[in-house]
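Some notes on the structure that comes next.
Lettering of chains follows the sequences in order, A, B, ..., and the numbering in each one begins at 1.
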Number of protein chains: 2
Amino acid sequence: MNLDYDGARMNQAWQLLYDLMLAQRARMPAIAAELELSPMQIQLLRLIEPDRPVPMGKAACGLGCDASNITGIVDRLEARGLIERRPADRDRRVKVLVITRDGARVREAILRRLAEPPEPIARLSPEDQRTLAEILGRALARPA
Amino acid sequence: MNLDYDGARMNQAWQLLYDLMLAQRARMPAIAAELELSPMQIQLLRLIEPDRPVPMGKAACGLGCDASNITGIVDRLEARGLIERRPADRDRRVKVLVITRDGARVREAILRRLAEPPEPIARLSPEDQRTLAEILGRALARPA
DNA sequence: TATTGTTATACTCTATAACTATA
DNA sequence: TATAGTTATAGAGTATAACAATA
């Protein structure tokens with residue numbers, strides 16, 4: 001696709017990354033469907049490590065959605081027995097999310113599935129993969 | 001976040017890319033809000049170049065959604081005068097989407113906004129950016 | 001018969017605002 | 001008062017199935 005505008009051009013590395021991201025984004029609904037979960041449910045399960053309770057506020061932040069949304073997402077996962085709400089010890093306003101044994105199994109499947117690199121990346125030579133990891137490591141090393 | 005599972009490890013380049021994608025994905029709703037459009041509406045406008053009619057079926061394919069969804073997305077953009085439906089010449093079942101003059105202006109703003117690389121990429125040295133573009137170019141060159 | 005786009009339906013995600021129970 | 005989570009509401013995206021017009 002032509003992404004020119006007014007004669008200027010998108011930073012080339014960024015444009016390629018953007019294309020890759022679009023391709024990957026298209027993969028997500030399919031992965032979600034395989035696991036019989038929605039993309040947001042997958043994202044949330046990914047966030048909750050076993051024996052690492054996550055306050056709902058943190059979960060909303062991690063999913064980049066409003067606090068009012070997390071309620072429904074948690075409702076649906078809890079209804080399926082994959083996570084549980086528990087009152088926090090010190091602050092009784094807070095509820096923490098804990099992954100159940102069933103949830104942990106589903107989470108393993110999610111991580112396993114997401115760990116598969118998409119075709120374009122998997123195809124790269126070992127050298128290119130190493131260089132890519134180095135550069136991206138530098139890019140992400142210094143949090144803005 | 002720890003993405004280990006069963007002792008194995010996500011391909012490192014892919015893991016970094018994935019993190020970068022999550023960060024970028026979080027940027028989208030904000031960009032959409034700026035332009036007073038939804039993410040899908042932005043995606044569709046991006047797809048329709050001026051004087052390049054796009055059949056609705058192609059649009060659905062480009063957006064990676066079902067044919068039944070494109071109807072509503074087009075409805076909302078058409079209601080705002082940004083695109084138009086027109087019957088196709090040869091096959092009267094087909095409708096093509098054309099961007100209006102107003103739509104083209106909004107599209108320019110979208111492309112301009114999306115062209116800004118996210119912080120982590122923008123910070124990279126020119127050499128790293130060049131190398132990154134080379135590697136990603138190789139990755140995407142050979143369509144699977 | 002097959003295909004394109006639409007409609008009807010049902011569910012998920014989304015933000016805003018008002019509410020509750022705590023702090 | 002301020003904060004964490006909930007509820008109510010309204011809008012947008014999602015897939016499935018049934019449908020009309022056309023091929």
> Which nucleotide span of DNA chain C, 5' end to 3' end, has atoms closer than 4.0 Å to non-hydrogen atoms of chain A?
Replying inline: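 For DNA chain C, the relevant span reads C:dT12 to C:dA23.
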
> Between B:S38 and D:dA12, is there a side-chain N or O to OP1/OP2 distance below 4.0 Å?
Replying inline: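 So the side chain of B:S38 is outside the cut-off, no N or O lying under 4.0 Å from OP1 or OP2 of D:dA12.
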
>> If the cut-off is 4.0 Å, is A:K95 near the phosphate of D:dT6, judged by side-chain N/O to OP1 or OP2?
In response: yes

> Are side-chain N/O atoms of A:T100 and A:D102 paired as donor and acceptor at under 3.5 Å?
Replying inline: no

> Is the number of heavy atoms from other residues, nucleotides or ligands under 6.0 Å of A:R52 CZ greater than 12?
Replying inline: no

>> Rounding to an integer number of Å, can you tell me how far A:Q41 CD sits from D:dT14 C1'?
In response: 13 Å

> When you measure from every atom of DNA chain C, which of residues 72-92 of chain A have a heavy atom less than 4.0 Å away?
Replying inline: A:I73, A:R76, A:R90, A:D91, A:R92

> Quick one: CD1 on B:I48 to NZ on B:K58, what's the gap to the nearest 0.5 Å?
Replying inline: 14.0 Å

> Out of curiosity, A:I73 CD1 to A:M56 CE, how far, rounded to the nearest 0.5 Å?
Replying inline: 9.0 Å

Do [X] side-chain atoms and [Y] backbone N/O form a donor-acceptor pair below 3.5 Å?
X      : Y      : result
A:Q41  : A:S38  : yes
B:R123 : A:A139 : yes
B:Q129 : B:I121 : yes

> With a non-hydrogen cut-off below 4.0 angstrom, is A:S68 in contact with a base, only sugar-phosphate, or nothing?
Replying inline: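 The residue A:S68 makes base contact.
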
> So does A:R76 pair up with A:E78, basic N to acidic O under 4.0 Å?
Replying inline: no

